Amino acid sequence: MPGVTLRNIAKQFGTTPVLRGVSLTVEEGEFLAILGPSGCGKSTLLRIIAGLETADGGEVFIGDRQVDHLPAKARDLAMVFQSYALYPYMTVAENIALPLQMRRLSSLQRLPFIGALLPGTRSLRQQVARDVNAVATPLGLEGLLGRKPAQLSGGQRQRVALARAMVRHPAAFLMDEPLSNLDARLRADARAEIISLTRRLGVTTLYVTHDQSEAMAMADRVAVMEGGILLQLAPPQALYDDPQNLAVARFVGSPPINIWPVEVTDRGDMTCCGHRLPFRARSSQGSAQLGLRAENLDIHRDGIPAQIVRLERLGMETLVHCHINGLAGTTILRLAPGAAEQFSGFESIRLLPKKAILFDLQGNRLPIIESARIDA
């Protein structure tokens with residue numbers, strides 16, 4: 001299946017810029033998630049690719065074909081909306097068959113009574129029915145083909161929308177938050193179905209979501225957007241381990257990354273709240289921000305004094321919320337359940353970071369040297 005390339009896409013509504021020169025390439029057969037908060041421009045970007053919105057600047061390519069001048073119906077793309085956009089008066093089979101009928105049958109052949117009498121109509125309709133059954137079976141819809149959308153659960157409606165997109169084998173799938181209307185259990189099941197289907201079909205997929213856990217679990221790569229700008233495009237683990245700016249670090253990961261204000265000396269030594277840290281900055285002096293994932297903090301006698309204010313026992317792990325004098329908010333430490341059994345809340349501990357990410361005050365990434373121990 002062809003890939004998708006965007007070059008310097010710009011869009012504004014009135015005087016408000018929504019997209020500010022977004023460029024990216026989705027490889028053939030790749031599953032790319034576009035991740036960002038509400039209003040960041042991710043859905044507008046998807047609609048521009050689909051031909052439902054017109055960009056103010058930039059170019060869209062499907063494979064090696066530029067499609068900016070083409071209407072939506074000529075771009076060979078299938079879009080799955082948040083609302084599913086099913087026709088309530090049609091059965092499941094009719095909803096799935098609709099794009100095939102529009103492509104393969106003439107306007108006369110689609111007429112309810114007269115169309116059936118025209119030469120070739122019966123054969124074409126039989127072929128459409130076979131294709132509908134072929135896509136409905138792996139999605140578990142074969143027993144629901146005669147039902148109307150109102151008779152289906154949210155998860156079943158979502159699968160019908162996917163089947164309608166898949167049935168004509170488009171050049172790419174565009175999915176705009178298709179799981180947001182499902183409860184947590186159905187969302188997990190539907191997530192697994194989408195991954196399995198897109199992998200099996202080898203179809204290029206662009207998937208818009210504001211849910212970072214969804215993007216991280218499903219995508220080959222994730223494009224993080226904020227304020228109409230593409231902040232970083234990378235595989236999920238690289239975004240988590242190696243964010244290129246503070247906005248990406250804060251948006252990716254659960255619980256959110258801890259941010260400590262630090263002071264850097266002319267030698268690169270680093271302190272927080274007057275306590276020396278086991279890190280050195282390579283090329284910075286003055287104030288900076290240190291990002292610490294919850295699993296990268298240890299309880300250690302040489303650490304910074306802290307007090308436990310809350311324990312969040314989650315079965316496979318315990319999140320320990322701590323207060324450090326001089327720091328706003330709480331610092332979160334991730335522990336295995338056994339390691340947290342000794343705590344009931346409000347104990348005094350000491351926290352020592354073992355791995356960190358350094359940013360300047362504008363949120364730009366800075367190089368850092370990690371030391372095994374704090375020098376005397």
Side-chain angles (χ1 to χ4, degrees), residues 1-9 11 19 22-35 41-55 58-82 84-86 95-105 124 127-128 130-132 134-136 138-139 158-179 190 193-209 215 218-223 225 230 233:
M1 295 292 180
V4 177
T5 301
L6 307 179
R7 296 179 183 169
N8 205 31
I9 299 297
K11 179 70 177 179
L19 295 170
V22 175
S23 298
L24 60 85
T25 297
V26 189
E27 302 296 338
E28 181 178 343
E30 182 180 20
F31 192 120
L32 180 89
I34 303 175
L35 174 66
K42 57 187 186 297
S43 290
T44 300
L45 187 65
L46 205 69
R47 291 175 64 84
I48 287 173
I49 297 169
L52 303 176
E53 295 278 357
T54 303
E59 300 169 323
V60 179
F61 289 83
I62 309 298
D64 58 1
R65 182 177 61 135
Q66 187 172 353
V67 298
D68 305 275
H69 61 289
L70 297 178
K73 65 181 181 181
R75 297 192 182 193
D76 193 24
L77 301 172
M79 192 159 181
V80 180
F81 297 92
Q82 180 179 349
Y84 311 137
L86 301 178
N95 267 284
I96 297 172
L98 185 62
L100 296 183
Q101 291 176 343
M102 297 300 293
R103 280 188 161 201
R104 298 177 185 176
L105 302 178
L124 288 172
Q127 186 179 358
V128 167
R130 285 194 296 270
D131 289 346
V132 168
V135 77
L139 285 169
Q158 186 261 345
R159 280 183 277 157
V160 175
L162 281 174
R164 187 177 59 189
M166 291 165 48
V167 74
R168 61 185 181 85
H169 302 290
F173 286 159
L174 309 179
M175 300 189 184
D176 190 3
E177 308 220 32
L179 308 183
E193 280 185 356
I194 289 174
I195 295 171
S196 174
L197 287 165
T198 54
R199 293 288 188 274
R200 189 164 69 246
L201 294 171
V203 64
T204 305
T205 303
L206 285 88
Y207 186 100
V208 161
T209 181
M218 299 177 73
D220 299 314
R221 290 190 299 161
V222 180
M225 292 184 61
L230 177 61
L233 174 60

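Everything numeric in this text was worked out from a predicted model, so none of it was measured. Residues take their numbers from the sequence shown, with the count starting at 1.
A heavy-atom distance below 4.5 Å is not found between the side chains of Leu162 and Pro178. Side-chain contact between Met79 and Met175: absent, with no pair of heavy atoms (C-beta onward) separated by less than 4.5 Å. Side-chain contact between Leu35 and Lys42 is absent, with no heavy-atom pair separated by less than 4.5 Å. In this structure, the side chains of Glu177 and Val80 stay at 4.5 Å or more apart for every pair of heavy atoms. Counting heavy atoms from C-beta outward, Leu6 and Ser23 have side chains that stay 4.5 Å or more apart. Proximity of Met225 to Leu45: side-chain heavy atoms (C-beta onward) are separated by under 4.5 Å at one or more points. For the pair Leu77/Pro170, no side-chain contact is recorded, criterion being any heavy-atom separation below 4.5 Å from C-beta on. Using a 4.5 Å cut-off on side-chain heavy atoms (C-beta onward), Asp220 and Leu32 make no contact.
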Leu206 and Ile49: side-chain contact (heavy atoms from CB on, under 4.5 Å), yes or no, with the steps? CA-CA 10 Å; Leu206 285 88; Ile49 297 169; 3.6 Å; yes
With side-chain contact (heavy atoms from CB on, under 4.5 Å) as the test, would you mind laying out the steps for Arg221 and Phe31 before giving the verdict? CA-CA 7 Å; Arg221 290 190 299 161; Phe31 192 120; over 6 Å; no
Start with the C-alpha gap between Val4 and Glu28, add the side-chain angles, then the distance that decides, and say whether side-chain contact (heavy atoms from CB on, under 4.5 Å) holds. CA-CA 8 Å; Val4 177; Glu28 181 178 343; over 6 Å; no
Evaluation steps, side-chain contact (heavy atoms from CB on, under 4.5 Å), between Asn8 and Val22: CA-CA 5 Å; Asn8 205 31; Val22 175; over 6 Å; no
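Side-chain atoms of Thr209 never come within 3.5 Å of backbone atoms of Tyr207 as a donor-acceptor pair (strictly under, hydrogens ignored). A donor-acceptor pair is defined here as one N or O able to donate and one able to accept, closer than 3.5 Å; no such pair exists between the side chain of Asp176 and the backbone of Ser43. For the pair Thr204 (side chain) and Gly29 (backbone), a donor-acceptor distance under 3.5 Å is present. Checking side-chain atoms of Arg164 against main-chain N and O of Ala85 turns up a donor-acceptor pair under 3.5 Å.
Taking the ring pair (Phe, Tyr, Trp, His ring centres under 6.0 Å) definition, one finds that Phe61 meets it with nothing, sequence neighbours left out. Remark: Arg130 engages no residue in a side chain to side chain donor-acceptor pair (under 3.5 Å) (not counting sequence neighbours). Residues satisfying the side-chain contact (heavy atoms from CB on, under 4.5 Å) criterion with Arg104, sequence neighbours excluded, are Leu100, Gln127, Val128, Asp131. In this structure, the side-chain contact (heavy atoms from CB on, under 4.5 Å) partners of Leu70, at least two apart in sequence or on a different chain, are Arg65, Val67, Ala74, Arg75. Take Ala163 and apply the side-chain contact (heavy atoms from CB on, under 4.5 Å) test, not counting sequence neighbours, and it matches Ile96, Val135, Leu139, Leu141. Residues satisfying the side-chain contact (heavy atoms from CB on, under 4.5 Å) criterion with Thr25, sequence neighbours excluded, are Thr5, Glu27.
Arg7 has no carboxylate O lying under 4.0 Å from a charged side-chain N of Asp68, or vice versa, which leaves the two without a salt bridge.
Minimum interatomic distance between Leu52 and Ala72 (heavy atoms only, all atoms of both residues): CD2-CB, 4.1 Å. Nearest approach of Val203 to Ala171, heavy atoms of both residues: CG2-O, 4.3 Å. Heavy atoms only, all atoms of each residue included: Lys11 and Thr54 are closest at NZ-O, 2.7 Å.
For the atom pair Glu53 CD and Leu19 CG, the distance stands at 9.5 Å (nearest 0.5 Å). Note that CD of Glu30 and OG1 of Thr205 are 9.5 Å apart. Values are rounded to the nearest 0.5 Å.
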